[in-house]
Asker: 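I have a structure I would like to understand better, so I am pasting it below and will then ask my questions one at a time.
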Amino acid sequence: MDTRTKEAIRYLGYGSKAVDDRTLKLISEAFTELDELADKRIVYRIFEFFVPDSEWIVVEHLNIHSKNLSKNMKGCEKAVLLGATLGSGVDRLIRRYSCMDMAKAVVVQACAAAVLEEYLDEWQEDLRMRMERNGYYLRPRFSPGYGDFSIEHQEEFLRLLDSAKKIGLSMTGSSMLTPTKSVTAVIGLSRENTVCHKAGCEMCGKSDCSYRRDTVEKR
């Protein structure tokens with residue numbers, strides 16, 4: 001089973017339960033449609049930044065209060081701010097299935113999240129190689145809404161990136177990104193090739209969560 005199928009199954013909340021053949025078929029069909037429709041785009045900028053203490057980081061003119069992010073960025077010299085999206089076509093596909101076939105809509109939602117994650121992982125690997133040639137090493141990407149990193153910072157990120165103009169990525173009044181299958185994140189750049197702090201499911205203490213990555217991988 002390939003990685004993005006495992007990710008889709010995780011997003012569907014199967015946990016350690018077996019996945020039936022019908023669901024696997026729906027997942028395969030969803031990936032086929034998404035590969036045709038997704039307009040993968042990304043915008044990023046690199047900023048100088050500093051960590052004044054264990055609870056704050058300052059990027060450009062932004063003051064961000066987050067113990068989790070401060071720990072993740074400790075020892076870094078620069079910060080990569082990014083915004084990425086699969087485009088509005090994916091939103092239209094999800095809306096269409098929401099009216100026709102709710103089960104398929106749920107699967108497409110999960111598969112779209114997996115496609116976005118795969119796209120970001122591939123882009124980040126390319127960034128890692130480029131930055132290492134310049135003597136920098138990457139920390140795991142960290143998104144607003146994760147841990148104590150407030151989702152409200154997304155508006156500031158989008159403004160700094162001019163993402164609406166560059167890739168069509170904006171935000172609603174309730175701090176939700178539009179198109180919905182989009183993400184913003186911060187990546188620290190350090191001169192030291194240190195062991196990165198754990199991120200994602202591995203950092204979360206909720207070991208009984210059915211969405212945990214390691215639960216799916218143990219199958």
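One is the number of the first residue; the rest follow in order along the sequence.
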Asker: Going by salt bridge (Lys or Arg N to Asp or Glu O under 4.0 Å), name the residues that satisfy it together with Asp126, two or more places apart in sequence or in a different chain.
Answerer: Arg130
Asker: Apply side chain to side chain contact (heavy atoms under 4.5 Å, CB included) to Asp35 and list each qualifying residue two or more places apart in sequence or on a separate chain.
Answerer: Arg4
Asker: Under 4.5 Å side-chain heavy-atom separation, chaining through any Ile, Leu, Val, Met, Phe, Trp or Tyr, what else clusters with Met176? Say none if it is isolated.
Answerer: none
Asker: With sequence neighbours left out, what residues match Glu122 under side chain to side chain contact (heavy atoms under 4.5 Å, CB included)?
Answerer: Glu118
Asker: Under the side chain to side chain donor-acceptor pair (under 3.5 Å) rule, collect the residues that match up with Glu48, sequence neighbours excluded.
Answerer: Lys78
Asker: Could you work out, with side chain to side chain donor-acceptor pair (under 3.5 Å) as the rule, every residue matching Ser66, not counting sequence neighbours?
Answerer: Asp148
Asker: By side chain to side chain donor-acceptor pair (under 3.5 Å), which residues pair with Lys25, not counting sequence neighbours?
Answerer: Glu29
Asker: Kindly state each residue pair satisfying ring pair (Phe, Tyr, Trp, His ring centres under 6.0 Å) with at least one member in residues 57-80, sequence neighbours excluded.
Answerer: Trp56-His65
Asker: For residues 111-136, which residue pairs pass the ring pair (Phe, Tyr, Trp, His ring centres under 6.0 Å) check, not counting sequence neighbours?
Answerer: Tyr44-Trp123
Asker: Does Tyr137 have any side chain to side chain contact (heavy atoms under 4.5 Å, CB included) partners at least two apart in sequence or in another chain, and if so, which?
Answerer: Glu132, Asn193
Asker: I'd like a table of donor-acceptor pairs (distance under 3.5 Å, sequence neighbours excluded) in which one partner is a side-chain atom from residues 96-107, with atom names and distances.
Answerer:
{"from": "Tyr97", "atom 1": "OH", "to": "Glu33", "atom 2": "OE1", "distance (Å)": "3.1"}
{"from": "Tyr97", "atom 1": "OH", "to": "Glu33", "atom 2": "OE2", "distance (Å)": "2.8"}
{"from": "Ser98", "atom 1": "OG", "to": "Ile94", "atom 2": "O", "distance (Å)": "2.8"}
{"from": "Asp101", "atom 1": "OD1", "to": "Ala103", "atom 2": "N", "distance (Å)": "3.3"}
{"from": "Asp101", "atom 1": "OD1", "to": "Lys104", "atom 2": "N", "distance (Å)": "3.2"}

Asker: Checking Arg92 now: which residues fulfil side chain to side chain donor-acceptor pair (under 3.5 Å) with it, not counting sequence neighbours?
Answerer: Ser88
